[in-house]
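Shown next, in structure tokens, is the structure this report addresses.
The chain is numbered in sequence order, starting from 1. Ligands are counted one by one from 1 in listed order, and the atoms in each one are counted from 1 as well. Excluded from the calculations below are hydrogen atoms, water molecules and symmetry mates; all remaining heavy atoms, backbone and side chain alike, are included.
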Amino acid sequence: MADPREARAGPRTVTLIRYDEIGLKGRNRRFFEGRLRENVARALDVPPGAVVRERGRLFVHPPEEGAEVDSRPLSRVFGIRSFSQAATIAPDLEAVTEAVLRLADAAAERATASFAMDCRRSTKAFPLTSLELNVRLGRAVQDRHPGLRVDLGRPDVTLHVEVREAAAYVYDSVTPGPGGLPVGSSGRALLLLSGGIDSPVAGWMAMKRGLDVDSVHFHTPPYTGPQARDKAVAIARELAAWGGRPSRIHLVPVTALQQAIARIVPERLWTLSLRRAMVRLAERIAREAGQGALVVGDSLGQVASQTLENMAAVDAAAGLPILRPLVGLDKAEIVDLARRIGTFELSVQPFADCCVLFAPRRPATRTRVEAAQAAERDLPLEDLLSAALAATETLELGTRRRTPAQPSRTTIRAPAPANGSTRTRAMRIPSSSSTVNR
Ligand code: ATP
Ligand code: MG
């Protein structure tokens, strides 16, 4: 459906958004597009009505005549293939030529050497074919700027024209989006977020495939200081900026749990037992929130505990699927992604998390489920889990609007209100929502 505003199209600038994968999803298409529209509106801080869907594209209209929307946050919105700031004009040759020449003037002013035309007509109502339009406009540009050479291979600038029924769009740059699926279009999950490099990347990859992700962080005050906690919150906040949707982080104190494990479980199994307790806690939080999976930052074979056997022993403790999106990545690839996501600088802050402080000297690398269960037999697990959940603190992170042009924050500050407030809320999680003899 054409936007009625286009009927009185003047030289306005709109943001044109391309998405591909979601265009293929048959009957779900409307749903996917709806999610993407919501996420775009939130990321750009515009009312949902300003984001208009038209034939496989989204258009963002500025709130008022003459205003321009800062589209940079879109390079962090999953589901977007690319986007452009485009002049919107009447779909007639004269107006199109004028708009193209304006861009050519600007290119000449920047001492651009070569150009190409890329014209598309998607309405037969327009008298010229795409090819004829390319030739006609290319000539007009060269007549005006003889110094600008045509180069179809590697032009310095490409002048794009899209003629649609109600309006034509003219632009000279295409910015890539992150691809993937709109966050919220594949369901919801809970990320086990440590202070390390890997888990934020795992969460990001889950979000990239359309999962709406909340986080849970386990800490051991006073052994882990407030900085470790704030670091996890800062990382979660950075991740939330990619979601375009509000998200939460649960901070679960596991000091007593860890102490009990140290007392009762053989040292070689400490890490594994703690990990099994973590997924149990995470599962209860996830079920309460209606999340269908847990996400962790394990990569196969990276550390002693990340063996197939130990993974199986962890999985046996969880009643929800555990996703491990990093399983196929090398450390260097994970680090590259962490830098791109903006979490790397935060992750390398030197505040140890509970696992680092609790590492056995010789961790078991191949633990059978039965052995883990036997080692935990005398743990008062139900009481420990209930107490940890009762002391859980939950922060609402909001959706922080941050443009990629800004540098990443490298200092940790106490959680600050984002778009909306950060508030602490007690969680009500049934203390015996599942059995613990897994
Ligand atoms: P990361 O870089 O994410 O810390 P890692 O390579 O250090 O991962 P492990 O310490 O074995 O690996 O942790 C494996 C996964 O377990 C983490 O990626 C994370 O998902 C989860 N995890 C570990 N510690 C915590 C914690 N304190 N709070 C929440 N999740 C945790
Ligand atoms: Mg770690």
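Side-chain polar atoms of Q85 and T13 form no donor-acceptor pair below 3.5 angstrom.
Between E162 and R55 there is no salt bridge, since none of the side-chain N atoms of the basic residue sits less than 4.0 Å from a carboxylate O of the acidic one.
Remark: R120 engages D118 in a salt bridge (charged side-chain N to carboxylate O under 4.0 Å, His left out) (not counting sequence neighbours). With sequence neighbours left out, R361 forms a salt bridge (charged side-chain N to carboxylate O under 4.0 Å, His left out) with E267.
An N or O contact shorter than 3.5 Å links F218 to ligand 1 by distance. At a 3.5 angstrom cut-off on N or O pairs, Q306 counts as close to ligand 1. Of the polar atoms of G195, none of the N or O atoms is found under 3.5 Å from an N or O of ligand 1, judged by distance alone.
Taking every heavy atom of G196 and a limit of under 4.0 angstrom, the matching atoms of ligand 1 come to 1 (P), 2 (O), 4 (O). Within ligand 1, counting atoms from 1 as listed, the ones closer than 4.0 Å to a heavy atom of V296 are 20 (O).
Judged by distance alone, the side chain of R276 and the main-chain N or O of A313 form a donor-acceptor pair under 3.5 Å. Judged by distance alone, the side chain of W242 and the main-chain N or O of F78 form no donor-acceptor pair under 3.5 Å. Within the 3.5 Å criterion, the main-chain N or O of P221 finds a donor-acceptor partner in the side chain of T255.
Taking only non-hydrogen atoms, the option from G297, S347, P363 nearest to atom 18 (O) of ligand 1 is G297. The closest heavy-atom contact to atom 8 (O) of ligand 1, among the options D198, T220, T224, I197, comes from D198. Of the listed options V314, L251, D298, D298 places a heavy atom closest to atom 15 (C) of ligand 1.
Assignment of V216 to the shell around ligand 1 is supported, since a heavy atom sits closer than 4.0 Å. Using 4.0 Å as the threshold, H219 has no heavy atom nearer than that to any atom of ligand 1.
Atom CE of M205 sits about 5.0 Å away from atom CG of L329, to the nearest 0.5 Å.
Neither the backbone nor the side chain of T271 comes within contact range of ligand 1; no heavy atom lies under 4.0 Å.
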